[in-house]
Amino acid sequence: MYFLSGWPKRLLCPLESLEQPLHIQTDPQRAFFAVLSPSQLSVWYCRPSVLVVSYKELSKAASQFGPYKQAEWRPDSAMIAVSTANGYILFFEISSTRDKYLYEPMFPKGSPHLKGTPHYKEDQCAPSLSLEMKKVLDLQASITSLQSMLEDLLVATADGFLHLVHWDGMTNGRKAINLCTVPFSVDLQSSRAGSFLGFEDVYIRDMEYCATLDGFAVVFNDGRVGFITPMSSRLTAEQLHGVWAQDVIDGTCVAVNNKYRLMAFGCANGSVQVYTVDTTTGAMQFSHKLELTPKQYPDIWNKTGPVKLIRWSPDSCVVMVTWEYGGLSLWSVFGAQLICTLGGDFAYQSDGAKKDPLKISSMTWGSEGYHLWVIDGNSSSNMKPERDTYNEARQFGILQFHFIKSALTVNPCMSNQEQVLLQGEDRLYLNCGDAAQAQSPRNTSLSEPKPTRERGPFSDGSLDSQGLSTLLGHRHWHVVQFSAIDKLGQNVAVVGKFGFAHYSLLTKKWKLFGNITQEQNMMVTGGLAWWNDFIVLACYNLNDRQEELRVYLRTSNLDNAFAHITKVQADTLLLSVFRDMVILFRADCSICLYSIERRPEGLNPTASIQVLQEVSMSRYIPHPFLVVSVTLTSVRTETGITLKMPQQACEAESIMLNLAGQLIMLQRDRSGPQIRDKDNTPNQRKHLPFCAPVVLAQSVENVWTTSRINKQKRHLLEALWLSCGGAGMKVWLPLFPRDHRKPHSFLSRRIMLPFHINIYPLAVLFEDALVLGAVNDTVLYDCLYTQTSAREHLEVLFPFSIVERTSQIYLHHILRQLLVRNLGEQALLLAHSCATLPYFPHVLELMLHEVLEEEATSREPIPDPLLPTVAKFITEFPLFLQTVVHCARKTEYALWNYLFAAVGNPKDLFEECLMAQDLDTAASYLIILQNMEVPAVSRQHATLLFNTALEQGKWDLCRHMIRFLKAIGSGETETPPATPTTQEPSSSSGFEFFRHRSISLSQSAENLHSKFNLTKTLSMPSGPSGKRCSKDSDCAENMYIDMMLWRHARRLLEEIKLKDLGCFAAQLGFELIGWLCKERARAARVEDFVFALKKLHKDFRWPLPVIPASSLTSPFKNGKYKTAVGEQLLKSQSVDTFVNMETDTGVSNTPRSRSWLGAISSSQREIDTVSSHGPHMQDAFLSPLLSKGDECSIGSATDLTETSSMVDGDWTMVDENFSGLSLTQSELEHLSLELASKGPHKSQVQLRYLLHIFMEAGCLDWCVIIGLILRESSVINQVFSIIQSSDIDGEICQSIKTGLYAVDKWASTDCPGYKPFLNIIKPQIQKLSEIVEEQVQPEAFQPVNPSKVTEQVNPRAEESRILSSHGTNPQSDAGNISASRHEEDKSKTEVEDSFQEGSYDCIVS
């Protein structure tokens, strides 16, 4: 409602006197304020705060009168009465000198400021005043309170008398009223002779007159409080009667709120008790209490001391309270706390030291509530007499706080909008909604309200005071009186003292009156509202002295010529718009309804207004000033309306009137004969009368309704939302019968549900089930002022205050309230209508959590617990399982049993998750099971989940499960899980392979693309180092996990899911090579080559080759170039970015060993060579080897590792022998067809990676299949050379031979595209047949059995095996081959990326 802004200012006093101020009081118009010092009275101008005139008492008179104490202004601001300590009242007359001004504003050159405009002097300049003491009145007793009451001054003295003094200083012969003769009772219905005060020394300590209650609230010196009301118009002792507030015995001060008819009594215990008067009995009725709670202020809530001062704001919306020991607090009218300086940055410095709270001896509000002037009670002790050398003016003990407030405080018709609009003295703050955002893509932050300024609300920058302030300053406006924003949040209208202006957030331009006289002749009195493109406002025409209702078009010039003006009978106090109707509330307590419609006339359309209906409310409203807001709504109590007439839902069905906090509803009387719509045109038809008013709620501050219709969300859009201050919010919710059934006779059609929220509501987003508000945030700058001299800086004493938008969901409160009232069916309807909201899961979780916390921690047994109902309700939604587990994991373990007793056994819920394939939620339940069940049960469930996650390829989850299963294993032996270091190769070496590869990459790859950085490599699932200790190798738990991994790998291989196998190995660090070595003769055998080939084509989305028609006449068919060029073309299909890479990185020149297992022995040497490469390394290029026109292919010149790591970059490195080759049209077609029959690049990288793995593991049949898919004869050559040079099992050779013949047969019948390639490798197939028959064994080969292999493979060897290259080419010299290390690393990283979906941290031991 109200928010602090910026830092307070300290006022500077130009006077020599060193007297400290002790009292401050604004005049009734709030244009001036009077400041009292012990012997001095000064009058200041409010805007800006400057001293105008000062009166200094002579020392002789000062000793006679005593120090000044209190001041009170006459209602017309022409006189000030000052009370003194010795019982005197001094009357000062204030006279202004005509046409003489003390201060004039200076404007820059070229500004649109015109000095000749009307009212210029009065509004722009601080006038020159003179103070003259007119009269002295001696009351011969100490004066305790002064109160201006209409034409008289009411003075209370310490001898127990109440004096009625006329403003000219005469008592008019009236006798003083002795308080002992005023009867007091509990209410006015008691006997006339109520009990008297009875004590001689009772007197009034503080009092304030309340015009709307016609009486004055009083606090007596003994702490009792009451309300004294005159029984007739004459104020005499016989005609006065007092009413006690029975519960208050420690009152200290009082302030009254005229608009809401409230009396706030400060108490010695630090709380404020707020009372109202019961209109029927006249008794004082307790309304609410303002007090700090120990929850919010644990260290200070009971140490504030008595309440010192209470001041209501000018618009009666907030109250400021301060205590004896210091501190300021601001509360809304019905007790919602908005600001308190006893906590947070106000109370503590940035280093945590506690500050002294600000002690206030007097305070007063400025115009519209934008300023609060306070007298700093601390300043008297630390004022230094020497003058400031830099500043002639002395720092004075008066601080000025700045506030911004919600537009709802003055223009309540804004409540049907869904924007938060705040207004300051010279600026507006608004949250830019979606509509404006859609037009302005730059506006990304919606959380922070932005001030409107000249360059628009979307521009970036700090909150400065340009824009409106310069606009308003130049346009002779006083301050922002009203503001309104349109429905889309794109246009803002602002009202000053005279006239108005509007601003477009899209064009970032203001529109002002072109004729300044027109602006000066209108005063907006009843607020303003947007209707489509029109601005509707109620104003007073100063020229014609006539109240008017005006409608201006936004798009036309701002001029009365384009306005539609309707004369109005009485002063308009409030205005509101509902659909195409305007509702006015007037000073004669009548409500007038108008219809408004658009008329397209000429270029500028106009709006026409016609009176529809007038309703007199004078019977129900005691004083027009008490009406806070009036709105038309479509809300009704459903009586007399059947479901057959739903169209009436969109009509203006009722009037909502907030009368001093009581919400009153008048709905249309449908009991009489109904008027049929088709009988008359809408404007001529007679409108239904309204029924007698019904009170819906008490203590209402704001009301929100909407005129929109949404069939899906009828509950939310047809509800009425109320803000009730400290009591939170209420919603008046419609209850709909389900499926248009006949409603139950006993079921009410609407229900009022209260709920608490943590923010002060300023707007309701109906469909989104959100409440928007604003909140004060503070920033400390005290660290900037470290010197002792700067300790008095306000920047040190106070934090800088900013305002931020905030929001809160409320749906869980409403659902819960409905469930409490056994309205589960309505709760379901409402919840289903909101199930699409993004935060709906959070709503269910919040509801479950709050009920669980309350019931499970309750000390007394709950007779009718709500948790089972809530649990049953949540099961109606698919998010049930997630909701329960998220709630459990955010709740302490002690409450779990209570929760699961209501929602079901966690084991059953876990199984439901598995059945629903919701593995992440199942994993969360596993954590619950681990804490609630024995380890065996959690292991059993973890195994289930692990297997399911493996099947579904949820690798992240698999890694967590491996860690989880290990933790269970270590937990059973009651020892902490050991940090694993090494383990058998079956499950760790593959991981080592990834890890070391990525690390070696970093040595020479600073210039690589960021995608190859270390975070891409995965972290070891089992512990920080990634290696496992030898003790763990015989740990049953690891064996158990490995068995599951092996089983899964075997299943993938048997089902020929090589892509999944590659992902599985890469993601989980599975040692694929070692496992394949073991399984070479079992699971890793290929049974059906043709089926495997087809499956791989499908899995890797690799197209089957096709043969072009032109190839029949192609020169590739025969001749010398057949193999060389053809193979080159076959290999060239992956021309990619690797081609142009730098190749100046180091190269391993170690000679290749001749067997595919031989590299193990030379591993260390190779590692050293590779890792220590530096400046002494030489550049190396791959060049094709062609000797003597032999039939070798270019590809066979490079060995396997380089081929796969180079990703066939050698198309660009064709030997000069080929430079003369020219291609014909048909050859180009052939080439393009070859390129078209390639699969995706990623698949190619993956296939080469798998080829590498299978080659390492000696699974030659798989190598042949991948070679066929890639159609690279070099791969086939390499396989055959291994078969020739090694003692390979005859079965494998036989199966390869059989498989190749099967492929050949299949190609002949089904896939002729494979024939050219099969023809190329035909000689090798024939050689293979010979080998199979002869089974030749070269002497160089030392047979090694698989078990021996696995023993030898340690991490270092594994690393070197990957970094080195294997396999030789029988036709070429192995020593001539060199590879670009840089490219190898890069391609391998790409291989790994292609299998890994996420980004994982690498933990390097």
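You'll find the side chain of His402 stays beyond 4.5 Å of the side chain of Leu4, heavy atoms only. Two residues are said to be in side-chain contact when any heavy atoms from C-beta on lie closer than 4.5 Å; Met617 and Val627 fail this criterion. For the pair Trp331/Ile339, no side-chain contact is recorded, criterion being any heavy-atom separation below 4.5 Å from C-beta on. Using a 4.5 Å heavy-atom cutoff, the side chains of Leu722 and Met729 are not in contact. Side-chain contact between Gln481 and Asn411 is absent, with no heavy-atom pair separated by less than 4.5 Å. Using a 4.5 Å heavy-atom threshold, the side chains of Val495 and Leu528 count as touching. Phe220 is not listed as a side-chain neighbour of Val225, based on a closest heavy-atom distance of 4.5 Å or more. No side-chain heavy atom of Thr525 sits less than 4.5 Å from a side-chain heavy atom of Leu573.
Nearest heavy-atom pair, Val307 versus Thr252, reported as atom, atom and distance to 0.1 Å: O-OG1, 2.9 Å. In this structure, Arg74 and Ala78 approach most closely via the heavy-atom pair NH2-CB, 4.0 Å. Taking all atoms of both residues into account, the shortest heavy-atom contact from Cys539 to Arg550 is SG-NE, 3.5 Å. Across every non-hydrogen atom of Tyr260 and Gly661, the tightest pair is CD2-N, 3.7 Å. Of all non-hydrogen atoms in Phe690 and Val615, the two that sit nearest each other are CD1-CG2, 3.7 Å. Taking each heavy atom of Thr409 and Ser406 in turn, the nearest pair found is OG1-O, 2.7 Å.
Residues satisfying the ring-ring contact (aromatic ring centres under 6.0 Å, His included) criterion with Phe265, sequence neighbours excluded, are absent altogether. Looking at residues two or more places apart in sequence or on another chain, you find a side-chain contact (heavy atoms from CB on, under 4.5 Å) between Ala255 and Glu208, Ile310, Trp312. Legend: residues meeting side-chain contact (heavy atoms from CB on, under 4.5 Å) with Arg311, ordered by chain and number and at least two apart, are Leu309, Met363, Trp365. Applying the ring-ring contact (aromatic ring centres under 6.0 Å, His included) test to Phe3 and every residue at least two apart in sequence or in another chain returns nothing. Listed by chain and number, the residues in a side-chain contact (heavy atoms from CB on, under 4.5 Å) with Ser616 are Ser618 (sequence neighbours excluded). Every residue two or more places apart in sequence or in another chain was checked for a salt bridge (charged side-chain N to carboxylate O under 4.0 Å, His left out) with Glu72, and none qualifies. Under the side-chain contact (heavy atoms from CB on, under 4.5 Å) criterion, Ser362 pairs with His23, Ile24, Ile375, sequence neighbours left out. With sequence neighbours left out, the side-chain hydrogen bond (donor to acceptor under 3.5 Å, both in side chains) criterion links Thr364 to Thr26. Every residue two or more places apart in sequence or in another chain that forms a ring-ring contact (aromatic ring centres under 6.0 Å, His included) with Phe33 is listed here: Trp44, Trp373.
When only modelled atom types and interatomic distance are considered, Tyr760 and Glu701 share a side-chain donor-acceptor pair under 3.5 Å. Counting only N and O atoms by type, the side chains of Asn541 and Glu548 include a donor and acceptor under 3.5 Å apart. A donor and an acceptor atom, one from each side chain of Gln423 and Ser483, are located under 3.5 Å apart. No hydrogens or angles considered: nothing links the side chains of Tyr45 and Arg47 as a donor-acceptor pair under 3.5 Å. Side-chain polar atoms of Asp152 and Tyr209 form no donor-acceptor pair below 3.5 angstrom. Donor-acceptor pairing under 3.5 Å is lacking for the side chains of Ser723 and Asn702.
With hydrogens and angles ignored, the 3.5 Å screen pairs no side-chain donor or acceptor of Gln662 with any backbone N or O of Leu696. Checking side-chain atoms of Thr229 against main-chain N and O of His241 turns up no donor-acceptor pair under 3.5 Å.
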Give every donor-acceptor pair under 3.5 Å between a side-chain atom in residues 282-290 and any protein atom, sequence neighbours left out.
unit_1, atom_1, unit_2, atom_2, d
His288, NE2, Val333, O, 3.2

**Step-by-step side chain to side chain contact (heavy atoms under 4.5 Å, CB included) determination, Leu663 to Leu657** = CA-CA 6 Å; Leu663 187 65; Leu657 200 76; over 6 Å; no
**Message:** Test side chain to side chain donor-acceptor pair (under 3.5 Å) on Tyr370 and Asp426; report intermediate values, then the result.
**Reply:** CA-CA 10 Å; Tyr370 294 132; Asp426 57 1; over 6 Å; no
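With rounding to the nearest 0.5 Å, the separation of CZ in Phe216 from CD in Gln147 is 9.0 Å. Atom CZ of Phe334 sits about 8.5 Å away from atom SG of Cys724, to the nearest 0.5 Å. Taking SG of Cys592 as the start and CD of Gln613 as the end, the distance is 9.0 Å to the nearest 0.5 Å. The distance from atom OG1 of Thr276 to atom CZ of Phe227, rounded to the nearest 0.5 Å, is 9.0 Å.
Taking the six-membered ring for Trp and thresholds of 30 and 60 degrees, Phe625 and His623 have ring planes more than 60 degrees apart, a perpendicular arrangement.
The distance between the ring centers of Phe500 and Phe482 does not fall below 6.0 angstrom.
A side chain to side chain donor-acceptor pair (under 3.5 Å) check over residues 565-574, counting only residues at least two apart or in different chains, returns nothing. Residues in residues 252-262 take part in no salt bridge (charged side-chain N to carboxylate O under 4.0 Å, His left out) pair, two or more places apart or across chains.
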